Number of protein chains: 2
Amino acid sequence: MTRGRPRDTAIEGRLLAAAAEELRHGGYDGLSIDRVADRAGVAKTTLYRRWASKAELVVALITTMREEVPFEPSDDPRADLTRLVSTIAAGLASTPTSLVADLAAAAARDPRVGESVRALWSERHRAVTAVVAKAQQAGVVLDHVAPAVLVDQLVGPLYYRLLVTGEPLTPEYARTLVVSVLGPEESP
Amino acid sequence: MTRGRPRDTAIEGRLLAAAAEELRHGGYDGLSIDRVADRAGVAKTTLYRRWASKAELVVALITTMREEVPFEPSDDPRADLTRLVSTIAAGLASTPTSLVADLAAAAARDPRVGESVRALWSERHRAVTAVVAKAQQAGVVLDHVAPAVLVDQLVGPLYYRLLVTGEPLTPEYARTLVVSVLGPEESP
DNA sequence: GCAATTACGATACTGCGGTAGCGTAAATAA
DNA sequence: TTATTTACGCTACCGCAGTATCGTAATTGC
């Protein structure tokens with residue numbers, strides 16, 4: 001079928017494993033393409049035949065590394081939102097700040113990378129959107145504002161703290177964000 | 001007083017001017033330290049005697065470039081907030097995205113740079129905080145949430161859109177953020 | 001005048017991301 | 001078998017940020 005010499009299918013895995021090791025030890029900056037190729041026992045050009053840039057390699061790596069945590073909505077939108085936002089906050093807090101920042105920078109530089117990075121981050125965004133829309137339908141949230149804006153006000157502050165102000169992302173903070181959007185809990 | 005050969009005071013200005021030119025044309029990435037030094041007619045080592053890294057040079061440059069737009073509060077917190085958030089949105093929208101992202105990345109990598117970048121961005125943050133606190137005192141905003149959180153929900157989504165989702169920063173969006181936090185305007 | 005001190009220019013260097021060119025290996029199509 | 005096509009390793013190279021070294025210029029203290 002395909003004409004030429006086939007790709008060695010084992011190489012990609014070895015490269016990703018080597019890149020993961022490098023990323024663990026030195027972060028995005030400390031990850032050296034030469035060392036990744038060396039560690040995988042492969043020429044640098046072979047790596048670049050699979051990913052066009054260091055950023056694409058790292059995005060691919062993170063995409064394969066991250067385990068899908070499926071979110072099962074309950075019938076309590078407030079609890080769902082709190083859980084979701086807290087999870088996102090915990091995920092961001094456990095990631096090195098510079099990695100998130102470097103991914104954002106790489107995304108801003110290269111539109112192709114931007115697509116991949118956005119795909120990486122959009123999943124959680126969409127989950128929050130779904131719950132917010134549900135909460136509005138249930139009347140838990142005032143619906144004078146579009147759901148997309150509320151989502152930005154729930155998730156945006158997390159990235160803002162991480163990338164801009166440098167303040168910590170605590171679970172309390174995540175809860176406070178939800179309370180601010182939904183209003184204080186009504187006493188039953 | 002000072003013992004050795006004095007610094008040539010004209011050099012710093014020439015370097016900053018050269019860096020500004022470079023930054024205009026090629027952005028953060030396109031700014032080459034070698035070219036900046038060349039353009040200023042100065043050795044590269046002389047540049048590094050003034051700023052420890054490219055990031056510090058760029059932060060210093062932006063700090064000197066930005067004109068202070070003084071904010072004079074009125075007695076209408078809603079109008080003040082709308083004006084402030086819209087101004088921040090316009091400022092971010094008119095800045096190349098990659099520059100903001102690269103500054104955030106540089107800030108995440110180097111704590112010294114982080115301080116400078118945060119100082120650069122914190123001014124507007126504090127202005128918003130002041131107006132939000134005032135609005136809470138005036139009873140325009142519910143005070144079940146700390147002002148700092150509301151500020152994050154007003155400003156954070158701007159950076160979030162710029163750096164993460166890539167969605168546009170329109171004046172309408174800024175207004176919607178304020179409406180979402182303050183609630184719909186009461187008919188008089 | 002003279003020593004000490006600091007700034008400057010110049011050169012060379014390192015490791016980096018990324019590219020180009022070439023010889024060779026492995027597959028298919030004829 | 002042979003031509004074609006693609007993958008791979010290798011080497012060399014580019015421009016980049018940043019560092020080290022050294023000779024020299026300019027200033028202060030003595």
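Throughout, a chain's letter reflects where its sequence line sits, starting with A, and its residues are numbered from 1. Because the structure is predicted, anything quoted here is derived from the model rather than measured.
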Polar atom pairs (N or O), protein with nucleotides 27-30 of chain D, under 3.5 Å:
residue : atom : partner : partner atom : Å
D:dT27  : O2   : B:Arg3  : O            : 3.0
D:dT28  : O4'  : B:Arg3  : O            : 3.0

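- Not counting sequence neighbours, A:Thr129 has no partner by the side-chain hydrogen bond (donor to acceptor under 3.5 Å, both in side chains) test.
- For A:Ser116, there are no side-chain hydrogen bond (donor to acceptor under 3.5 Å, both in side chains) partners, not counting sequence neighbours.
- Scanning for side-chain hydrogen bond (donor to acceptor under 3.5 Å, both in side chains) contacts around B:Asp29 gives A:Arg109, with sequence neighbours left out.
- For B:Glu123, the side-chain hydrogen bond (donor to acceptor under 3.5 Å, both in side chains) test picks out B:Arg66, with sequence neighbours left out.
- Looking at B:Arg83 and B:Glu72, a side-chain N of the basic residue comes within less than 4.0 Å of a carboxylate O on the acidic one, giving a salt bridge.
- Using a 4.0 Å cut-off on heavy atoms, the residues of residues 33-55 of chain B that approach DNA chain D are B:Ile33, B:Asp34, B:Arg35, B:Lys44, B:Thr45, B:Tyr48, B:Ser53, B:Lys54, listed by number.
- For B:Asp110, the salt bridge (Lys or Arg N to Asp or Glu O under 4.0 Å) criterion is met by no residue, not counting sequence neighbours.
- Evaluation of the salt bridge (Lys or Arg N to Asp or Glu O under 4.0 Å) rule for A:Arg7 yields no partner, not counting sequence neighbours.
- A salt bridge does not link A:Arg118 with A:Glu115: every distance from a Lys NZ or Arg NE/NH1/NH2 to an Asp or Glu carboxylate oxygen is 4.0 Å or more.
- Near DNA chain D, meaning a heavy atom under 4.0 Å away, the residues from residues 11-27 of chain A are A:Ile11.
- Taking every heavy atom of residues 100-120 of chain A and every atom of DNA chain D, no pair lies under 4.0 Å.
- Here B:Arg35 pairs with B:Glu22 under the salt bridge (Lys or Arg N to Asp or Glu O under 4.0 Å) rule; sequence neighbours left out.
- If you walk DNA chain C from 5' to 3' and mark each nucleotide with an atom closer than 4.0 Å to a heavy atom of chain A, the marks span C:dC16 to C:dA29.
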